[in-house]
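The figures here come from the full heavy-atom set of this structure, side chains too, leaving out hydrogens, waters and symmetry mates. Each ligand, and each atom within it, is numbered from 1 in the order the structure gives.
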Amino acid sequence: MSNRNNVAPRHIVLAFSGGLDTSVALVWLKERYRCRLTAFIADLGQGEELDVAARKAEKLGADEVRVVDLREEFARDYAFPMYRADALYEGQYLMGSSIGRPLIAAAQLRIAEEVGADAVAHGATGKGNDQIRFEMTFAALRPDITVISPWREWEFASRTDLLAFAGRNGIELDLSSGERPYSIDSNLLHTSYEGEVLEDPALPAPAGLLFRVNDVADTPAEPETVEIHFQSGNPVGVNGTPLSATGVLETLDAIGRRHGIGRLDIVENRIFGMKTRNIYEAPSGALLWHAHRAVQSLVLDPEVAQLKEELMPRYAALVYRGLWFAPERLMLQAAIDFSQQDVTGDAVLRVHHGGVQVVGRRSPHSRYDVAFATFEADDVFDQRDSSGWLRVSTVRFRAGRRAGAVDR
Ligand code: ARG
């Protein structure tokens, strides 16, 4: 046995998607450990036929299959807290995949508890980020459980090896995904594409490869106005209709897809330091990012607003690195959430040909005060006070000049 704890598992819960890696993993785990195996299928709104995956798991030899609908929990307890932080990894990536893993792993541990399993397994590769997110979560929530990572144990070195094993073992592949010349990860928030035909960062994605949002060439000629309503930092409705967390994401997803919103083609730095070229399509996230900041901009104390901007990259790196359940993420979240209590109101966006513009925002807690900002006469600000502020703030320049300083 070469799993981390060097013990023979009695019962494994495998996070199963029905794709190549987890299908091979299921057959391989049964063959290698000869123990009970529960296939766990997480519904994060990936929009695939989950009963097809469930039947497949059974056919491949799972003793039991559990399909769990995690969509509302994903939206409310994972996506929204991250959106309250306006988190972007390396300035651009909305982390639709990064934020999915801790929930899948946490739900997998719940299933392990329910079925009395002593081991958990995932199909993420030994080079990637997802293994870290799974295993950081396992370690943070249940450090004693046995973790099996087939990609780090088995003799297969490539996707080609997996395909050969699948062929030998009668593992049927859904041709539409088996043929796809890239790796894909989809959920309620986004679709991520990477690898294979996308590996040369100089070349644009081949036509027809990206399927979630409309190509800008095919978007409607007319712009569309979207109003998003927030309560304490969370989106709670769209265009006057109150919605569940899932409902908000689905509604904005549909609008964003139509107008080609949220497509991003980047080279990013993985946790292990290698660069990868990734394409993402996150229509609802792009709309929410702009809308949330618009409402927030009216409400936050200026020092709080600026400190929040400074904390954001740290927070984003924690999410990217799988540290969702680490104390430092929870600490930052508490600070962020403290700032969000009054972030209630509406943002008005205009979307057109792949672009998002903020065109209006309002809040009952707005600190925006025309009396202060106006160029006309007012009775809240005495312009003579500025003289004292400037006089005191420039002491150092006069002192430097008197000392004959050469620093300018
Ligand atoms: N590079 C992205 C991230 O680390 C996407 C990972 C997508 N996962 C996948 N199995 N294709 O968040």
Should [X] be listed as contacting ligand 1, given a heavy-atom distance under 4.0 Å as the test?
| X | answer |
| --- | --- |
| Arg101 | yes |
| Tyr280 | yes |
| Arg277 | no |
| Met95 | no |

- prompt: Is there any N or O on Ser183 that sits under 3.5 Å from an N or O of ligand 1?
  reply: yes
message: In terms of relative ring orientation, are Phe134 and His122 parallel, tilted or perpendicular, with 30° and 60° separating the classes?
response: parallel
query: Do the ring planes of Trp324 and Tyr78 sit parallel (below 30°), tilted (30 to 60°) or perpendicular (above 60°)?
result: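 It falls in the parallel class, under 30°.
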Hey, are the side chains of [X] and [Y] touching, using non-hydrogen atoms and a 4.5 Å cut-off?
| X | Y | answer |
| --- | --- | --- |
| Arg159 | Leu20 | yes |
| Ile99 | Phe74 | yes |
| Val226 | Val348 | no |
| Arg133 | Tyr320 | yes |

What part of [X], side chain from CB on, backbone N/CA/C/O, both or neither, has a heavy atom under 4.0 Å from ligand 1?
| X | answer |
| --- | --- |
| Asp130 | side chain |
| Arg133 | side chain |
| Glu268 | side chain |
| Tyr89 | neither |
| Ser98 | both |

query: Where is the tightest heavy-atom contact between Leu287 and Leu252, given as atom of each residue plus distance?
result: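 Of all heavy-atom pairs spanning Leu287 and Leu252, the closest is CD1-O, 3.6 Å.
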State the atoms of ligand 1, each with its element, that fall below the 4.0 Å cut-off from a heavy-atom position in [X].
| X | value |
| --- | --- |
| Ser97 | 5 (C), 6 (C), 7 (C), 12 (O) |
| Asn278 | 1 (N), 2 (C) |
| Ser192 | 5 (C), 7 (C) |
| Tyr93 | 2 (C), 3 (C), 5 (C), 12 (O) |
| Asn129 | 3 (C), 4 (O) |

field: Test: Arg270 and Glu194 ion pair at under 4.0 Å
entry: yes
Note: Arg361-Glu227 ion pair, threshold 4.0 Å (strictly below): no
task: Look at atom 6 (C) of ligand 1 and say which protein heavy atom is nearest, naming residue and atom and giving the distance to 0.1 Å.
output: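 For this ligand atom, the closest protein heavy atom is Glu194 OE2, 3.5 Å.
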query: Can a donor-acceptor pair be found between the side chains of Gln296 and Gln340 at a distance below 3.5 Å?
result: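 Short answer, yes.
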